[in-house]
Peer 1: 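Right, I'll just put the structure down here and ask away after.
Lettering follows sequence order; numbering is per chain, from 1.
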Protein chains: 2
Amino acid sequence: MNRRKGRHAGSEVRKSEIIHAALEHFSASGVSQTSMADIRSRSRASTGSIYHHFKSKENLAAEVFLEGIRVYQKGILRLLGEETGAREGIHAVVAFHLKWVQEHTTWARYLFQHRYASFMASTEEEITRLNRDFLQHVSAWFERQRRQGSFRDLPLDISVSLILGPCMEYTRQYLSGQAITGVDQAIAEISDALWHSLCEDPVSVTGHRALSHGGDR
Amino acid sequence: MNRRKGRHAGSEVRKSEIIHAALEHFSASGVSQTSMADIRSRSRASTGSIYHHFKSKENLAAEVFLEGIRVYQKGILRLLGEETGAREGIHAVVAFHLKWVQEHTTWARYLFQHRYASFMASTEEEITRLNRDFLQHVSAWFERQRRQGSFRDLPLDISVSLILGPCMEYTRQYLSGQAITGVDQAIAEISDALWHSLCEDPVSVTGHRALSHGGDR
DNA sequence: ACTTGACTAGAATATGATTCTAAAATAAAA
DNA sequence: TTTTATTTTAGAATCATATTCTAGTCAAGT
């Protein structure tokens with residue numbers, strides 16, 4: 001009955017080739033500095049082929065974004081599902097994020113340096129959907145932790161800002177080569193600091209702080 | 001002697017008109033979605049005139065960015081020059097940033113939603129210079145505070161991430177209409193949290209925390 | 001008044017995104 | 001296998017828009 005599904009074998013492959021060719025250029029030079037000709041020559045696909053798979057350059061950019069953000073979010077959500085304690089949870093999230101950036105530099109450059117780019121917001125409601133679902137899971141985790149008295153009772157948007165903000169800012173510095181502190185130390189420092197800014201009563205829970213850091217800078 | 005400055009009267013005015021026309025569009029729709037024709041018609045300047053004052057669209061975008069960031073940075077630096085205590089300093093910076101965003105929404109949309117955009121990094125070394133100078137002042141302030149024992153001894157890039165990150169992340173939410181918490185409360189929450197993540201020994205310095213927040217969210 | 005260089009105007013050009021037409025490849029039907 | 005329908009690819013044609021070019025206008029100094 002589903003005779004309408006006459007998918008060709010190599011089609012997905014070709015689409016993926018285009019996405020990855022685009023990623024390379026977008027990540028290295030940004031979307032606006034990348035021409036369709038660049039993508040065409042790197043992917044060895046024709047104009048027609050590209051426009052068959054993607055509605056426009058903007059749409060291609062969005063699909064590349066989606067492909068990356070899906071992988072990233074899946075990783076974070078797996079962590080939160082593991083139901084560790086609050087402090088471990090925070091550390092795990094920070095570590096995951098920074099290591100992911102370190103190991104997927106090309107993706108990270110595109111995803112996070114262009115995070116606020118305009119083409120995302122307007123078009124592509126799937127991005128909105130992904131973000132909403134993601135936020136929902138994250139806030140559920142938070143609520144659970146808060147009920148156990150691990151976190152203080154902060155508004156969700158503030159909590160998100162406090163956690164995500166430092167990670168993103170360090171990421172930005174790291175990607176632009178301006179970070180002095182290495183990733184491992186950054187994970188330790190940031191998660192430690194976050195814990196103290198989020199938890200109900202930092203000192204009584206753990207007597208020590210500043211687990212490690214050399215005398216740099 | 002300065003005969004080379006055969007400035008025409010209205011020239012600066014015209015240039016400024018172009019910048020502000022561009023700002024409106026850039027802020028509302030982003031640089032790539034704005035055409036030179038848009039800017040031309042809003043500023044009532046001709047193509048030739050625009051290209052006389054600015055090398056290219058990219059350069060125009062950079063100059064708009066510069067104009068905004070200068071004002072913003074000047075405000076922050078004034079605060080840091082006032083040599084208040086560490087905690088007051090943090091609060092003042094957070095408050096300044098968020099109120100500035102609230103009062104200069106148009107500028108903020110452009111400056112901060114496009115902060116990581118590519119055209120800034122590559123071209124326009126004046127932006128680099130501004131940022132370097134700014135960072136230098138900020139780090140000097142930090143070093144002074146740290147010597148007085150107010151802050152713990154964190155690497156500069158980490159400190160910057162911890163402070164700037166939450167402000168920027170909240171800003172992003174605020175500008176995209178996703179913030180739940182109001183600006184005043186956000187200032188209180190964020191600066192309180194920052195203090196606990198940065199200071200040497202939060203509890204002994206001030207016994208209380210969470211100065212204010214309603215039971216929202 | 002005249003010369004000079006900054007400034008403005010708008011047409012011409014160039015670059016690059018998108019559309020269009022047709023053909024090749026593939027899968028399903030006969 | 002041959003036929004038919006559908007998807008996918010190709011590349012030329014088109015269209016949108018950023019930039020350049022040529023010719024002027026204007027303000028100030030001589």
Side-chain angles (χ1 to χ4, degrees), chain A residues 1-26 28-65 117-119 122-124, chain B residues 1-26 28-65 117-119 122-124:
Chain A
M1 249 320 172
N2 54 351
R3 71 160 76 96
R4 45 181 47 189
K5 280 209 174 180
R7 298 246 146 219
H8 287 204
S11 178
E12 286 302 313
V13 176
R14 177 43 67 87
K15 185 167 178 178
S16 165
E17 283 170 353
I18 297 170
I19 285 184
H20 287 277
L23 170 65
E24 293 294 327
H25 283 288
F26 289 167
S29 333
V31 175
S32 65
Q33 297 299 327
T34 300
S35 73
M36 292 308 263
D38 292 334
I39 296 167
R40 223 165 51 215
S41 67
R42 188 180 287 226
S43 67
R44 300 217 142 290
S46 70
T47 305
S49 186
I50 294 177
Y51 276 89
H52 171 72
H53 289 289
F54 306 95
K55 216 170 68 224
S56 64
K57 183 178 168 181
E58 183 179 329
N59 173 253
L60 170 55
E63 290 230 28
V64 175
F65 185 85
S118 47
F119 51 83
S122 50
T123 7
E124 301 306 319
Chain B
M1 250 319 172
N2 53 352
R3 73 160 74 94
R4 45 181 45 191
K5 286 206 172 179
R7 298 255 145 203
H8 286 205
S11 179
E12 284 302 312
V13 176
R14 178 41 67 85
K15 184 168 180 177
S16 165
E17 282 169 354
I18 296 170
I19 285 183
H20 287 278
L23 170 66
E24 293 293 326
H25 284 287
F26 289 168
S29 331
V31 174
S32 65
Q33 298 298 328
T34 300
S35 72
M36 294 306 265
D38 292 334
I39 296 168
R40 221 164 52 214
S41 68
R42 187 181 288 228
S43 67
R44 300 216 145 289
S46 70
T47 304
S49 185
I50 293 177
Y51 277 88
H52 171 74
H53 289 290
F54 306 95
K55 213 169 70 223
S56 64
K57 184 178 169 181
E58 184 180 329
N59 173 252
L60 170 56
E63 290 230 27
V64 175
F65 185 85
S118 48
F119 50 83
S122 47
T123 6
E124 300 308 319

Peer 1: On the nucleotide D:dG11, are OP1 or OP2 found under 4.0 Å from the side-chain N or O atoms that A:S46 carries?
Peer 2: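 For D:dG11, neither OP1 nor OP2 has a side-chain N or O of A:S46 closer than 4.0 Å.
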Peer 1: State which of C:dC7, D:dA10, D:dT6 makes the closest approach to the side chain of A:H8.
Peer 2: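 Looking only at side-chain atoms, A:H8 lies closest to D:dT6.
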Peer 1: If you look only at distance, which donor and acceptor atoms sit under 3.5 Å apart when one is on a side chain in residues 40-48 of chain B and the other is two or more places apart or in another chain?
Peer 2:
residue : atom : partner : partner atom : Å
B:R40   : NH1  : B:T47   : OG1          : 3.1
B:S41   : OG   : B:A37   : O            : 3.4
B:S41   : OG   : B:D38   : O            : 3.2
B:R42   : NE   : B:H25   : NE2          : 3.2
B:S43   : OG   : B:I39   : O            : 2.8
B:S43   : OG   : B:R40   : O            : 3.4
B:S43   : OG   : B:A45   : N            : 3.3
B:S46   : OG   : B:S49   : N            : 3.1

Peer 1: Shorter than 3.5 Å, N or O on both sides, protein versus nucleotides 18-21 of chain D: list them out with atom names.
Peer 2:
residue : atom : partner : partner atom : Å
D:dA18  : OP1  : B:K57   : NZ           : 3.4
D:dA18  : OP2  : B:M36   : N            : 2.5
D:dT19  : OP2  : B:Y51   : OH           : 2.8
D:dT19  : OP2  : B:K57   : N            : 3.0
D:dT19  : O5'  : B:Y51   : OH           : 3.3

Peer 1: Measure the shortest side-chain to side-chain distance between B:H20 and B:S16 over non-hydrogen atoms and say whether it is less than 4.5 angstrom.
Peer 2: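 Yes; the side chains approach each other to less than 4.5 Å.
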Peer 1: In whole angstrom, give the distance that lies between atom NE2 of A:H53 and atom C1' of D:dT7.
Peer 2: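 Rounded to the whole Å, the gap is 9 Å.
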Peer 1: Using heavy atoms and a sub-4.0 Å distance, could you list which residues of residues 16-24 of chain A are near DNA chain D? By number, please.
Peer 2: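 Under 4.0 Å from DNA chain D: no residue of residues 16-24 of chain A.
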Peer 1: Return the value, rounded to whole Å, for the distance between atom CD1 of B:I50 and atom C1' of C:dG10.
Peer 2: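 Spelled out: CD1 on B:I50 to C1' on C:dG10 is 12 Å.
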Peer 1: Evaluate side-chain contact (heavy atoms from CB on, under 4.5 Å) for A:H53 paired with A:E17, printing each intermediate quantity in order.
Peer 2: CA-CA 11 Å; A:H53 289 289; A:E17 283 170 353; over 6 Å; no
Peer 1: How long is the line joining CZ of A:R44 and C1' of D:dG11, in whole Å?
Peer 2: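 Answer to the nearest Å: 15 Å.
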Peer 1: Would you find a donor on one side and an acceptor on the other, under 3.5 Å apart, between the side chain of A:K57 and the backbone of A:T34?
Peer 2: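 Yes; judged by distance alone, with no hydrogens or angles, the pair exists.
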Peer 1: Does A:R14 make a side-chain N or O approach to OP1 or OP2 of D:dA10 shorter than 4.0 Å?
Peer 2: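 Yes, such a contact exists.
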Peer 1: Measure the spacing between CG of B:L23 and CD of B:E63 and express it to the nearest 0.5 Å.
Peer 2: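 Between atom CG of B:L23 and atom CD of B:E63 there are 13.5 Å.
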Peer 1: For B:H52 and C:dA9, is the shortest distance between a side-chain N/O and OP1 or OP2 below 4.0 Å?
Peer 2: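 Checking C:dA9 against B:H52, no side-chain N or O comes under 4.0 Å of OP1 or OP2.
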Peer 1: Take B:Q33 and B:F26, measure what side-chain contact (heavy atoms from CB on, under 4.5 Å) needs, and give me the verdict at the end.
Peer 2: CA-CA 8 Å; B:Q33 298 298 328; B:F26 289 168; over 6 Å; no
Peer 1: When the distance from CD of A:Q33 to P of C:dG16 is rounded to whole Å, what number comes out?
Peer 2: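 Nearest whole value for this atom pair: 10 Å.
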Peer 1: How long is the gap from CD1 on B:I18 to CE on B:M36, to the nearest 0.5 Å?
Peer 2: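 If we round to the nearest 0.5 Å, B:I18:CD1 and B:M36:CE are 8.5 Å apart.
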Peer 1: So, do A:R14 and A:H8 sit near enough that their side-chain heavy atoms are less than 4.5 Å apart?
Peer 2: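 A side-chain contact is absent here, since even the closest heavy-atom pair is not under 4.5 Å.
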Peer 1: Between B:F54 and B:K15, is any pair of side-chain heavy atoms under 4.5 Å apart?
Peer 2: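 Counting from C-beta outward, B:F54 and B:K15 do come under 4.5 Å.
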